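In what follows, every heavy atom counts, from backbone to side chain, and hydrogens, waters and symmetry copies are set aside. This one's a predicted model, so the numbers in the text were calculated from it and none came from an experiment. Order of the sequence lines sets the chain letters (A, B, ...), proteins ahead of strands, with each chain counted from 1.
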Amino acid sequence: MGLKLYNTLTRRLEDFIPRSDVVGIYTCGLTVQGPPHVGHIRAALVRDILMRWLSHLGHKVKALENFTDIDDKIIEKQKEYKQDWRIISQKNIETYLRACDELNITRADVYPRASQHIEEIISLVQRLIDKGYAYEKKGDVYFRVRKFPDYGRFSKKSIDELMAGARIEPTESKDDPLDFTLWKAAKPGEPYWLSPWGKGRPGWHIECSAMSMHYLGETFDIHTGGEDLIFPHHENEIAQSVAATGKEFVRFWLHNGWVTLTGEKMSKSTGHYSPIKDVLERYSSNVIRLFMLKTHYRKQLEYADERLHEARSAYATIKTYLDKHGDVPQISEPLMRDTFTEAMNDDLNTSRALAVLYELITEGNECKDDRRAKEIAASVKYYYTLLGFIEEVEEVVEPYKAVVQILSDVKKRLREEKRDSVLESITSIDDFELLKDIKNIYPLIIRLLLRIRDELRKEKDYEFADYIRERLSESGIFVDDSTKGSTYRREVR
RNA sequence: GGCGGUAUAGCCAAGUAGCAAGGCGGCGGUCUGCAAAACCGCUAUUCGCCGGUGCAAAUCCGGCUGCCGCCUCCA
């Protein structure tokens with residue numbers, strides 16, 4: 001059984017058969033007038049998982065993710081902040097890409113920007129005019145919706161119903177309220193490009209058709225984006241593309257469910273959203289990834305601290321298991337391959353795929369046979385990596401300061417209480433030449449504290465020992481005692 | 001109003017006809033000076049409500065209700 005994907009075009013699960021050797025993917029990315037939020041990341045993560053899985057299945061992939069960096073909203077922001085639109089968009093793009101990198105989201109091959117493809121946009125608009133699908137009015141160019149018989153089919157909307165809500169803005173001079181803008185004349189003071197219709201800028205929608213065709217050809221395999229883009233954005237993309245080329249535009253349309261906050265959809269325009277920057281400060285990349293993959297991509301996903309905390313605990317289980325096994329060999333034939341593959345092939349069912357991971361972990365923990373245990377651990381790591389989780393890099397600077405303070409407090413107390421025997425036991429530890437290297441000194445100090453604590457425990461001074469444990473725990477360092485001695489672990493963020 | 005989605009344990013969440021995956025939490029246990037961690041075990045006779053078709057339904061059909069969304073900018 002091969003990969004099946006839910007296609008919005010047909011509203012059913014279909015076998016994914018690529019058109020050629022290279023699978024073309026276009027993701028509708030951001031309109032960059034505001035900071036990226038969790039919803040945008042979900043869309044990016046869907047592309048990431050799709051790309052990872054397609055590559056795993058042996059496909060070559062060429063992926064684009066666009067930035068619509070010039071539109072009405074960004075011009076508004078320019079006026080509001082008295083800052084050039086290019087600076088605003090650049091800032092938001094950088095924030096977004098940094099967040100994606102931190103989240104280990106596979107980079108698209110190209111991140112085209114509308115403002116950098118004006119030439120392709122103009123020629124596409126011209127093509128539509130030449131074919132009679134578009135017309136110019138006072139420097140604006142509109143797409144004649146009624147000329148395109150299939151309009152509304154994709155989003156299952158009827159033209160008559162759309163008419164009821166349609167309006168012509170006072171500034172527009174459309175022939176028909178349903179018509180949408182392909183090219184918009186610039187008002188004085190607004191950014192513009194020269195075109196056959198005068199100074200102006202692209203309308204929203206046309207950039208995606210122009211750029212996807214430019215990089216992927218007039219027909220390509222997969223188009224992804226948030227569910228909220230089905231109408232009007234993708235409906236319009238299809239109309240203008242098919243009208244221009246007379247060819248099929250996209251084979252598969254994948255739409256992810258939105259992210260909600262307190263039960264309502266996150267949205268840039270209403271200000272009801274959590275910026276990804278804030279989220280990354282609070283939770284590690286792996287935790288955020290797990291949080292998102294736990295729910296199937298087409299379902300609505302509630303962003304709430306409670307959910308993230310749950311994901312953090314769930315992630316700790318995986319991390320603890322992998323840490324316990326340390327180095328595991330790289331393998332190419334993991335256990336439970338069929339179950340995992342079946343889940344992923346079923347419209348990228350990451351929820352089920354993760355269940356495979358957890359089943360393996362439980363089995364690994366029960367397993368007494370060393371060889372088998374190694375094999376299980378290797379399989380867990382294999383799937384973990386395949387799903388885009390990463391090895392965590394520990395931050396050392398902040399906790400370093402904290403442990404130095406704790407050590408100093410503990411030494412002070414030892415001196416005050418004249419605990420000479422304990423003090424003596426540690427003076428022999430003269431590893432301070434290692435002070436030069438912060439990465440080495442950090443665990444060293446913790447081990448030193450654990451040794452002091454060990455002495456105290458031998459002397460049955462549990463109150464003092466517990467004090468050290470408590471202080472460390474406040475800094476996110478948890479001490480675990482076992483018959484083999486004490487170990488510590490860092491809190492999962 | 002039209003269209004689309006969704007309703008499964010305390011919470012989250014898979015599951016489209018054959019005795020309900022997985023996670024979080026909770027409870028019990030092993031270990032321990034205590035704790036924590038880790039591990040083990042238990043935790044839905046039942047899938048929003050009502051009716052129907054099947055030997056058999058969370059899964060199909062009809063009706064009802066709740067929630068979310070699109071129809072205007074949105075990932």
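Remark: ring of A:F478 not stacked against base of B:rA36; the cut-offs of centroid gap under 5.5 Å and plane tilt under 30° are not jointly satisfied.
Straight-line distance between the C1' atoms of B:rU43 and B:rC11: roughly 14 Å, to the nearest whole Å. Atom name C1', nucleotides B:rC27 and B:rA9: the rounded distance is 15 Å, in whole Å. Atom name C1', nucleotides B:rU8 and B:rC70: the rounded distance is 26 Å, in whole Å. Rounded to a whole angstrom, the distance from the P atom of B:rG48 to that of B:rC12 is 14 Å. A distance of about 14 Å separates the P atoms of B:rU6 and B:rU59, rounded to the whole Å. Look at the P atom in both B:rU30 and B:rA36: the space between them is 14 Å, to the nearest Å. Rounded to a whole angstrom, the distance from the P atom of B:rG18 to that of B:rG25 is 32 Å. For the P atoms, the distance linking B:rU32 with B:rC24 amounts to 25 Å, nearest Å.
Here the nucleotide nearest the side chain of A:T31, chosen from B:rG22, B:rA75, B:rA13, is B:rA75. Closest to the side chain of A:K294, from the set B:rC68, B:rU6, B:rG23, is B:rG23. Closest to the A:R11 side chain, of the nucleotides B:rG33, B:rG4, B:rA14, is B:rG4. Taking the side chain of A:F231 as heavy atoms from C-beta on, and the options B:rG41, B:rC70, B:rA21, the nearest nucleotide is B:rC70. Nearest to the side chain of A:S269, among B:rA75, B:rA13, B:rC73, sits B:rC73. Distances were taken from every side-chain heavy atom of A:R453 (C-beta onward) to each of B:rA13, B:rG33, B:rC73; the shortest belongs to B:rG33. Between B:rA38, B:rG25, B:rC34, one nucleotide has an atom nearer to the side chain of A:T320 than all others, and that is B:rA38. Checked against B:rA21, B:rG69, B:rG33, the side chain of A:R469 finds its nearest nucleotide in B:rG33. Which of B:rA38, B:rA75, B:rA21 sits closest to the side chain of A:R352 comes down to B:rA21.
Nucleotide B:rC39 forms a Watson-Crick or G-U wobble pair with B:rG29, both donor-acceptor distances falling under 3.5 Å. When both pairing distances are held under 3.5 Å, B:rC11 makes a Watson-Crick or G-U pair with B:rG23. Searching all strands for a Watson-Crick or G-U wobble partner of B:rC55 with both distances below 3.5 Å returns B:rG18.
Classified by its glycosidic torsion, B:rG54 falls in the syn category, the angle being within 90° of 0.
Side-chain contact check for A:W85 versus A:I70: some heavy-atom pair is nearer than 4.5 Å.
In this structure, A:D101 does not pair ionically with A:R98, as no charged nitrogen and carboxylate oxygen lie closer than 4.0 Å.
Protein atom CD1 of A:I318 is 10 Å distant from nucleotide atom P of B:rG23, rounded to whole Å. Rounding to whole angstrom units, CD of residue A:E310 and P of B:rG23 are separated by 11 Å. One interatomic measurement links the two molecules: CG of A:D228 to C1' of B:rC68, which rounds to 13 Å at whole-angstrom precision. Between A:L322 atom CG and B:rA38 atom C1' the separation is 14 Å, expressed in whole Å. Atom CG of A:N365 and atom C1' of B:rU30 are 14 Å apart (whole Å). Atom CG in A:D481 sits roughly 15 Å away from atom P in B:rA38 (whole-Å rounding). As rounded to whole Å, 15 Å separates atom C1' of B:rA14 from atom CG of A:L301. Taking atom CZ of A:R298 as the reference point, atom P of B:rU6 lies 7 Å away to the nearest angstrom.
Taking the six-membered ring where tryptophan is involved, the planes of A:H56 and A:W53 are essentially parallel, since the angle between them stays under 30° and well short of 60°. Taking the six-membered ring where the residue is Trp, A:H223 and A:W253 present parallel rings, their angle staying beneath 30° rather than reaching 60°. By the 30° and 60° cut-offs, the orientation of the rings of A:F249 relative to A:F220 is perpendicular. Ring planes of A:H234 and A:H255: tilted class, angle from 30 to 60°.
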**Message:** Run the side-chain contact (heavy atoms from CB on, under 4.5 Å) test on A:Y96 and A:F67 for me, step by step, so that the C-alpha distance in whole Å, both residues' side-chain angles and the decisive distance to 0.1 Å come before the verdict.
**Reply:** CA-CA 11 Å; A:Y96 174 72; A:F67 292 119; 3.6 Å; yes
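Put simply, the side chain of A:D466 and the base of B:rG33 share a donor and an acceptor less than 3.5 Å apart.
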